[in-house]
Amino acid sequence: MQKFKFIVDIQYKSNVRDPRGETIARVLREENNIPVDSIRIGKSIHGEIEAKDKEEAKRKVIEACERLLVNPVTEEYRVEIE
């Protein structure tokens, strides 16, 4: 078994409202005169996982996303294995 580093980038789906991103965009425009059109706030999860190869590592991380890390109703995600 080898250890692989992974990153899961989680974002709201494009059809889901992002109140935090909307607030930050509004404050940048109105109070700081920075002309941003929109901002979407997400999160990333960094970790390490043991697997026999990169493909197995990715499969295990995706399984973790589907079971616990991501809300499939409102979020979408991308997995990167290093």
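Bear in mind the structure is a predicted one, so any value in this text is a computation, not a measurement. Residue numbers start at 1 and run along the sequence shown.
- Listed for the N32 side chain is a donor-acceptor partner under 3.5 Å among the backbone atoms of V27.
- Under the rule for a salt bridge (Lys or Arg N to Asp or Glu O under 4.0 Å), the partners of K60 that lie at least two apart in sequence or sit in another chain are E56.
- Tracing side-chain contacts under 4.5 Å through hydrophobic residues (I, L, V, M, F, W, Y), one never reaches Y12 starting from V70; they form parts of separate clusters.
- Using a 4.0 Å cut-off between charged side-chain N and carboxylate O, K43 and E75 make a salt bridge.
- We find the CD-CD1 distance between E63 and I49 to be 9.0 Å, quoted to the nearest 0.5 Å.
- For the residue pair F6 and I81, the shortest heavy atom distance occurs at CB-CD1, 3.7 Å.
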Side-chain donor-acceptor pairs of residues 33-42 under 3.5 Å, sequence neighbours excluded:
residue : atom : partner : partner atom : Å
R40     : NH1  : V16     : O            : 3.0
R40     : NH2  : K13     : O            : 2.7
R40     : NH2  : V16     : O            : 2.9

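- The nearest pair of heavy atoms linking K3 to E48 is CD-OE1, 3.6 Å.
- Summarising the local packing, CZ of R20 is surrounded by 12 or fewer heavy atoms from other residues, nucleotides or ligands at distances under 6.0 Å.
- Atom CD of E55 sits in a sparse spot, with 12 or fewer heavy atoms from other residues, nucleotides or ligands closer than 6.0 Å.
- Smallest separation of non-hydrogen atoms from A51 and F4: O-CE1, 3.5 Å.
- Residue I10 comes nearest to Y77 through the heavy atom pair CG1-CB, 4.1 Å, listed as atom of the first residue, atom of the second, then distance.
- By the 4.0 Å N-to-carboxylate-O rule, E22 lies too far from R26 to be salt-bridged with it.
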Determine, step by step, whether I7 and V79 satisfy the side chain to side chain contact (heavy atoms under 4.5 Å, CB included) criterion, reporting the C-alpha distance in whole Å, the side-chain angles of both residues, the deciding distance to 0.1 Å, and the verdict.
CA-CA 6 Å; I7 300 171; V79 174; over 6 Å; no
Apply the test side chain to side chain contact (heavy atoms under 4.5 Å, CB included) to residues C65 and V8: give CA-CA distance (whole Å), side-chain angles for both, the deciding distance (0.1 Å), then the verdict.
CA-CA 8 Å; C65 289; V8 179; 3.6 Å; yes
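- With rounding to the nearest 0.5 angstrom, the CD atom of E80 is 9.0 Å from the NE2 atom of H46.
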